[in-house]
Engineer: 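I'd like to ask some things about the structure below.
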Amino acid sequence: MRILFVAAEASPLAKVGGMGDVVGALPKVLRAMGHDVRVFMPYYGFLPDKLEIPSEPIWWGTAMYQKFAVYETRLPKSDVPLYLFGHPSFMPRRVYYGEDEEWRFTLFSNGAAEFTWNYWKPNVIHCHDWHTAMIPVWMNETPDVKTIFTIHNLAYQGPWRWFLERITWCPWYMEGHNVMASAVQFADEVTTVSPTYAEQIQTAAYGETLEGLLSFVSGKLSGVLNGIDVESYNPETDRFIVENYNADTVERRKANKVALQEELGLVVDSGVFLVGMVSRLVEQKGLDLVIQIMDQFLSYTDAQLVVLGTGDRYYETQMWQMASRYPGRMSSHILFNEALSRRIYSGCDTLIMPSRFEPCGISQMLAMRYGCVPIVRRTGGLVDTVFYNDPMNEAGTGYCFDRYEPMDFLTAMIRALEAYRYKDQWRKLQQRGMWQNFSWEKSAYEYIKIYNRVLGNPDEGKPTEPSQTSGVKV
Ligand SMILES: Nc1ncnc2c1ncn2[C@@H]1O[C@H](COP(=O)(O)OP(=O)(O)O[C@H]2O[C@H](CO)[C@@H](O)[C@H](O)[C@H]2O)[C@@H](O)[C@H]1O
C-alpha cells in the first residue's frame with residue numbers, strides 16, 4: 001500500500017506534543033511491515049539545524065495564489081521519505097502560534113493535496129488533526145485516494161467556514177461549520193487514539209460540540225491506542241540518562257534520581273518521594289487540580305516536585321510561583337527539553353497526569369517504560385493504559401482516580417506516597433509498568449486493517465497479543 005502521512009509535527013524534527021511522537025514513529029513501523037509510507041510536513045525555519053535538506057526542491061506547485069516548493073529528505077534514522085512543504089510563512093522558528101496560523105496550515109494542506117494529485121499519488125492519505133482537515137474534503141472527488149482522519153486533539157478545530165471561504169476553495173458539497181467537522185464528515189474513516197476516548201467524544205462532556213456528529217458517524221469511528229518508540233525510549237540504552245537499567249536492575253534508577261536532584265537544585269536525598277510532571281501546561285492536562293492541591297501536598301509531606309512544560313502563560317507563572325515558595329523541594333522548568341524529560345522519567349518515583357481529558361497520553365507510557373509509576377485521572381487513553389495498583393494480587397501499574405476533583409487527586413497522591421514506603425511492593429509495581437508492551441506493532445496492525453477496509457482489500461492484518469501483559473483491570 002502507498003500511504004502518505006500529512007501532519008504538522010514529526011518527532012524528532014518538529015515535536016510539540018504527542019502527535020509528533022505518533023507521526024515520527026508509526027510510519028517507520030508500517031514501512032518495516034512492507035508498506036510504502038511517506039510523510040509530508042511543513043519546512044519549518046529551524047529544520048536545517050536538525051537534518052540535511054537538499055537545496056534543490058523536487059517539485060514546485062501553486063495553491064491559494066502562492067508558489068511553494070517541496071523538498072525531499074528522510075525521517076532521521078529511517079528510510080521513510082520525508083517531503084517538506086516550503087513556503088515563507090513557515091520560515092519563523094516555531095511550529096505553532098502566530099496570527100497567520102489558520103491561513104498557513106490551510107495553505108499547507110492545499111499543498112499536500114496538490115502534491116498527491118500531481119507528484120506522488122498514494123492509496124491512502126492519513127491526516128492528523130485540524131491542520132490537515134481540509135484534505136478529506138478535497139479528496140472526496142478523487143475516489144482512488146482514500147482518507148483517514150486521526151483526531152489527536154478535538155479541542156482545536158481549526159478555521160471556521162466563513163474564514164475558509166475567503167481564503168481557499170470550499171467545494172459546493174462541503175458541509176461543516178469548521179474544518180474539523182468537515183473532516184469528520186468526509187474522511188473515509190475517522191480514528192482517535194484510544195478506544196475509551198473514541199466512546200467519550202460521542203458525549204457532550206467530551207465532544208467539544210461535535211458529539212452529535214461524531215455519534216452520527218460512529219460506524220466509521222474507532223479508537224486505536226498509540227504506542228511509543230520503544231527503541232528510542234529504552235532505559236537500557238538511553239544515552240541522555242546517567243545510569244542505564246532495566247526491569248531486573250530497577251534499583252539502579254537511584255543514581256538517576258540523585259543526579260536529577262543535583263541538576264535541578266533540589267535537596268539531594270534518594271529516600272524522598274520525587275514527583276514529576278512532563279506536560280504541555282494547558283487546561284487539558286489538569287493544571288488547575290495541580291494548583292489546588294500541591295501546596296497541601298508539599299506542606300504536609302517531605303515529597304519533592306519537578307515540573308517540565310510550556311503552554312499557557314497563566315499556568316507557567318503559577319508553576320514558577322509555586323516553585324519559589326518551596327526552594328529545594330520544587331523545581332519548575334518552563335521549556336521544552338527532550339533530554340531533561342528523559343531524565344525526569346528515569347529519576348522520578350512517580351509522574352502525575354490528572355488530565356481533564358486525554359485522547360491517549362504518551363507521557364504515562366514513557367513513565368512506565370522507565371519505571372516511574374503514573375498517577376492518573378481515569379479518562380480517555382489513561383483508562384486503557386494505566387491500571388489500579390493491586391499489591392495483594394500483584395497486578396496493576398499505577399494510581400488512578402475518577403472524578404475531576406482536587407480531593408480525589410490528593411487522595412491518589414497520598415495513597416501512592418504511602419505505598420512508596422513498602423519498597424518490595426513498590427519495586428514490583430515499577431516492574432509491572434516496565435513489562436508492559438507499548439510497542440507500535442499492535443497499533444500498526446490496527447491501522448493496516450483500517451487502510452485495507454477503506455480500500456476494500458481483504459484484511460491481512462495479523463492480530464497480536466494485547467499490549468497490556470501484566471496489568472489487570474480491577
Ligand atoms: N516541556 C517538554 N519537554 C520535553 N518533552 C515534553 C514536554 N512537554 C511534553 N513533552 C513530551 O510530549 C509528549 C506529550 O505527549 P502526550 O500524548 O502525553 O500529550 P499531548 O497532549 O501533547 O498529545 C496529544 O496527542 C497525543 C498523540 O496522539 C495523545 O496521546 C494525547 O492524548 C493528546 O492530547 C511526550 O512525549 C512528552 O514527553
Side-chain angles (χ1 to χ4, degrees), residues 5 7-12 14-26 95-96 126-132 148-156 191-198 200-201 206 208 223-230 232-233 238 240-241 264 276-287 306-312 315-316 319 331-346 348 351-370 372 374 376-377 379-386 438 440 443 446-447:
F5 274 60
E9 299 177 36
S11 167
K15 169 173 155 180
V16 176
M19 179 175 67
D21 285 315
V22 175
V23 180
L26 182 57
V95 176
Y96 302 124
H126 192 154
C127 309
H128 298 264
D129 271 354
W130 75 263
H131 320 96
T132 60
I148 312 290
F149 182 67
T150 295
I151 300 171
H152 299 268
N153 202 327
L154 191 57
Y156 305 108
T191 68
T192 186
V193 284
S194 71
T196 299
Y197 191 64
Q200 287 181 324
I201 56 177
Y206 292 94
E208 305 281 348
V224 181
L225 200 63
N226 284 336
I228 54 173
D229 188 336
V230 287
S232 163
Y233 292 100
D238 194 325
F240 292 105
I241 65 179
L264 303 184
M277 181 167 197
V278 179
S279 177
R280 290 183 300 115
L281 300 180
V282 295
E283 192 194 353
Q284 169 193 351
K285 299 296 179 179
L287 269 299
V306 180
V307 177
L308 172 65
T310 55
D312 294 348
Y315 294 122
E316 293 184 352
M319 291 301 121
S331 176
S332 286
H333 294 267
I334 310 302
L335 43 96
F336 191 94
N337 186 328
E338 169 78 28
L340 180 56
S341 76
R342 289 163 183 260
R343 291 198 286 275
I344 292 177
Y345 295 128
S346 68
C348 285
L351 180 95
I352 49 172
M353 241 175 131
S355 304
R356 190 180 277 276
F357 67 91
E358 196 58 77
C360 175
I362 302 273
S363 306
Q364 82 282 8
M365 294 194 266
L366 297 179
M368 284 185 268
R369 176 107 177 115
Y370 281 81
C372 176
V376 302
R377 170 159 180 258
T379 184
L382 298 173
V383 177
D384 301 322
T385 52
V386 182
F438 290 124
W440 267 107
S443 327
E446 294 289 321
Y447 280 114

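All ligand and atom numbering here is 1-based and tracks the order in the structure. Computed from a predicted model, the values in this text were never measured in an experiment.
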Engineer: Verify, without hydrogens or angle tests, whether Gln200 (side chain) and Gly380 (backbone) share a donor-acceptor contact under 3.5 angstrom.
Structural biologist: yes
Engineer: So which residues, sorted by chain and number, lie with a heavy atom under 4.0 Å of ligand 1?
Structural biologist: Lys15, Gly17, Gly18, Met19, Asp21, Val22, His152, Val193, Asn226, Val278, Ser279, Arg280, Gln284, Lys285, Leu308, Gly309, Leu335, Phe336, Asn337, Glu338, Ser341, Tyr345, Met353, Glu358, Pro359, Cys360, Gly361, Ile362, Ser363, Leu366
Engineer: How close do Cys348 and Cys372 get, heavy atom to heavy atom, and via which atoms?
Structural biologist: O-SG, 3.6 Å
Engineer: If I take atom OG1 from residue Thr310 and atom CG from residue Leu281, how far apart are they, to the nearest 0.5 angstrom?
Structural biologist: 6.5 Å
Engineer: Look up atom OG1 in Thr385 and atom CD in Gln364, then write down how far apart they are to the nearest 0.5 Å.
Structural biologist: 4.0 Å
Engineer: Can the positive tip of Arg342 be found less than 6.0 Å from the middle of the six-membered ring of Tyr233, inside 45° of the ring normal?
Structural biologist: yes
Engineer: Any sub-3.5 Å donor-acceptor pair from Thr192's side-chain atoms to Ile151's backbone N or O?
Structural biologist: yes
